[in-house]
Structures are given as structure tokens and as C-alpha cells.
Protein chains: 2
Amino acid sequence: MPNKPAAPITMDAVYAAPGYLFRRMQQIAVSIFMEECKAFDLTPVQYAALVAIHTHPGIDATRLSAVIAFDRSTLGSVIERLLAKDFIERKPAPEDKRIKLLYLTKSGAAILREIIPAVERAQARMLEPLNPADRKTLMGLLAQLVDLNNEASRVPLRAEDALEHLGKGG
Amino acid sequence: MPNKPAAPITMDAVYAAPGYLFRRMQQIAVSIFMEECKAFDLTPVQYAALVAIHTHPGIDATRLSAVIAFDRSTLGSVIERLLAKDFIERKPAPEDKRIKLLYLTKSGAAILREIIPAVERAQARMLEPLNPADRKTLMGLLAQLVDLNNEASRVPLRAEDALEHLGKGG
DNA sequence: TCTAAATTGACAGTATACTTACGATCTAGG
DNA sequence: CCTAGATCGTAAGTATACTGTCAATTTAGA
């Protein structure tokens with residue numbers, strides 16, 4: 001078979017490209033989240049970190065990065081900001097001097113409780129323009145795609161097995 | 001009606017949240033793009049900027065930001081990097097001393113031609129785990145959602161009317 | 001015409017997101 | 001026991017992505 005002729009270079013090709021749509025949607029999602037949650041001064045990433053620390057008290061930074069699927073280096077500054085806001089605290093692990101364990105403070109637990117409704121409003125708003133059936137279809141396909149592409153990302157999600165050394169698993 | 005009881009705070013709720021899935025998918029998409037295009041030393045954003053400048057020679061930075069839907073401030077450094085790599089050039093506009101017009105250099109036009117196959121491979125890989133019907137469904141719904149949410153983002157896309165003052169419209 | 005408002009590009013500041021590298025520490029193998 | 005390799009947190013460097021603000025310039029209205 002002959003090669004396909006080169007397509008003309010157009011913006012329409014960019015607008016229809018998966019990568020472009022993913023980037024736009026992420027921009028929009030962050031924008032909506034920040035708008036709904038601006039009273040709490042928490043970013044989406046900081047929120048995810050708080051939930052993970054709430055769910056796994058005493059987790060360390062490396063495992064936290066696996067549980068919320070983002071880079072360890074990035075996480076360092078996220079943790080510092082949460083420490084500065086007094087939403088989490090960090091304690092040395094008695095049995096391993098390299099590790100620092102993370103816990104929610106009272107203030108962190110409180111803001112987590114209070115922010116939930118705003119987060120839920122934000123999540124709902126992101127999908128609001130679609131009808132309920134389409135929302136379900138989109139989320140289902142996207143969840144599949146993210147899962148099947150997990151290894152393609154630089155920081156794959158390791159929800160369960162990342163915690164094996166914390167006394168919760170195998 | 002009574003309020004819904006507060007749902008427990010779990011990571012599963014985070015993993016299923018639209019905002020989380022959009023962020024993960026964006027991370028994965030960038031990772032795949034960079035992998036396929038690493039020989040060209042171009043980021044997804046720099047690629048989009050090159051295509052836009054190719055399509056609209058003599059565009060200025062403000063209109064460019066509207067055409068690819070990203071922030072003017074961010075764009076400043078993107079333009080500087082493209083200038084440093086000698087992929088674009090910047091000329092003052094004769095009729096308006098504030099404006100600097102952007103053009104591809106020969107080297108910029110060349111790399112744009114050469115990178116296209118790698119970009120197409122990257123876009124295909126992002127959707128590869130889904131079957132063709134599901135790919136189409138996902139892209140259709142996502143394109144709809146991005147379009148309908150356009151105004152929710154801080155930098156709405158203004159593909160056409162952003163160019164009215166360039167002698168292409170109105 | 002002359003000033004007030006808008007526009008343009010630049011800058012500083014914050015927050016992801018990634019890379020590579022490094023010292024401290026732990027663990028396994030010999 | 002003692003070193004090789006792995007792991008932990010940290011740091012420096014690059015690149016988006018956004019918030020403001022600012023000066024220079026243009027435009028519109030009184």
C-alpha cells in the first residue's frame with residue numbers, strides 16, 4: 001500500500017487531537033476546582049494529598065506519591081506547603097531514620113471535612129454540560145483508559161501494593 | 001428532604017472523581033508525547049504554538065494565546081524558548097509599536113514537517129488501549145465537554161474571532 | 001485635542017510536574 | 001562484619017499554568 005499523503009497542518013487537527021483535549025479539559029477542571037474551593041486555599045493536588053494522608057495515617061512521602069500518582073520531587077514542595085499551613089505534621093519513623101511519617105493535624109482534618117461539599121460541587125460542575133448518560137459513558141471510558149495506560153505515565157499509580165510495608169497488606 | 005449523609009472520605013472517591021481522571025490522563029498524554037517526540041526536543045505546548053504560527057503567520061503573542069487557549073504569561077516563556085531554538089522569529093509591527101509579530105524560521109518549518117509522524121504516533125498511542133468504537137465515543141464526548149465548558153476556563157479558546165484584527169475576518 | 005480606558009508585552013510570584021543528582025541510611029551478600 | 005546496592009528525602013534545573021502588576025502605546029470619547 002502507498003503511504004498516506006501528508007495531511008495539511010491545521011489548527012483543526014490540533015483541536016481534535018486527544019492530547020490537546022486532555023490538556024484543555026485539565027485546565028478547565030483545575031479552574032472550576034479553584035473557583036469552588038477558593039475559600040479554603042487548597043489546590044486539587046493538596047486536596048488529594050490530604051485525603052491520602054487521612055486514609056493512610058503515618059504514610060511516608062514516597063508511598064504517598066505512589067498512592068496519588070505524582071512525582072516524589074513535586075510532592076516535596078506540596079508537603080512543605082501543607083506543613084506551612086499547619087494541615088499536616090511530620091514525625092521521624094523510629095525504625096528507619098530516612099523516613100518521615102505524615103499525619104493530619106486537627107486543623108487539617110477539619111478543613112478536609114469542610115471542603116468536601118465544595119469539592120463535590122466542583123466535580124459535578126465539570127460534567128454538568130453533558131446529560132447523565134453521557135457523563136457515565138465518558139467517566140467509564142476515561143477510567144478504563146487511565147487504568148490501561150497506567151504504566152505509560154512516569155509515576156504509575158500503585159494504590160494497594162505501595163502500602164505493603166506499612167503493615168496494611170501482604 | 002433530609003440531607004444526604006456525609007460519604008466516608010476514601011481514596012476510591014478520589015480515583016473516580018472527574019478532576020482526578022483528567023489530571024491523570026493529562027500526565028499520561030504528556031508522557032507519551034515526550035517519549036515519541038524526544039528526538040525533536042519539542043514539548044506539546046511548543047508544538048501547538050508552532051502549528052498556530054505556521055497557520056497564522058504574523059500573529060502576535062496575545063492572539064496566539066487565544067488561538068491555542070493558553071495563558072499570555074505562560075506564552076512569553078514558550079516564545080522565548082522557541083526563539084532560543086531558532087524555530088521562530090519576532091518582528092515589530094509597523095503600525096503598532098506595542099505588537100511583535102511571530103513567524104516560523106526555515107528551521108521551524110522544517111522541524112514541524114519532520115515531527116508530524118511522531119506526533120501522530122503519540123496521539124494514537126494515547127487511545128490505543130480502547131477499541132476503535134470506544135475511542136470515537138470518548139473523543140466525541142470530550143470534545144463536546146471541552147467546548148461547552150470553554151468559558152469556564154481562565155483562558156477560553158477563541159479560534160476565529162481572535163484573528164479579526166489580522167485581516168482574516170470581520 | 002486631550003485625557004481616560006483599553007491593549008500589549010514584560011515581570012514577579014505561586015504551584016504543579018518532571019529530570020537528574022546527591023548524601024544519609026538501610027539491607028543483603030559474601 | 002562490611003561493603004554493594006537499594007531506598008529516602010532533598011535539591012537544582014526546566015517547563016507549563018496561573019495571578020497579579022507595570023510601563024509603553026494605542027484608541028475612543030468628551
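When the nucleotides dT26(D), dA17(D), dG9(C) are ranked by their closest atom to the side chain of F70(B), dA17(D) comes out on top.
Between the side chain of N149(A) and the main chain of M126(B), a donor-acceptor pair closer than 3.5 Å is present. S31(A) places no side-chain N or O within donor-acceptor distance of the main-chain N or O of Q27(A), the cut-off being under 3.5 Å. With hydrogens and angles disregarded, no donor-acceptor distance shorter than 3.5 Å links the side chain of R72(A) to the backbone of T62(A).
The side chain of K100(A) places an N or O atom within less than 4.0 Å of a non-bridging phosphate oxygen (OP1 or OP2) of dT10(D). For the OP1/OP2 pair of dT19(D) and a distance below 4.0 Å, the side-chain nitrogens and oxygens of R72(B) include no atom meeting the criterion. In terms of phosphate contacts, R90(B) brings a side-chain nitrogen or oxygen within less than 4.0 Å of OP1 or OP2 of dA10(C). Here R81(B) does not reach the OP1 or OP2 of dT14(D): none of its side-chain N or O atoms lies under 4.0 Å away. Contact annotation: R23(A) does not reach the phosphate of dT16(D) (side-chain N/O to OP1 or OP2, under 4.0 Å). For the pair Q26(A) and dT16(C), the criterion of a side-chain N or O lying under 4.0 Å from OP1 or OP2 is not met.
Side-chain atoms of S73(B) come within donor-acceptor range of the base of dT19(D), with a qualifying N/O pair under 3.5 Å. Judged by distance alone, with hydrogens and angles left aside, R98(B) brings no side-chain donor or acceptor close enough to the base of dT26(D) to form a pair under 3.5 Å.
The CZ atom of R90(A) sits 6.5 Å away from the CD1 atom of I79(A) when rounded to the nearest 0.5 Å.
Nearest-nucleotide mapping onto DNA chain C: of I28(B) and D96(B), the residue sitting toward the 5' end is D96(B).
Using a 4.0 Å heavy-atom cutoff across all strands shown, T74(A) reaches at least one base atom of the nucleic acid. Using a 4.0 Å heavy-atom cutoff across all strands shown, V78(A) reaches sugar-phosphate atoms only and no base atom.
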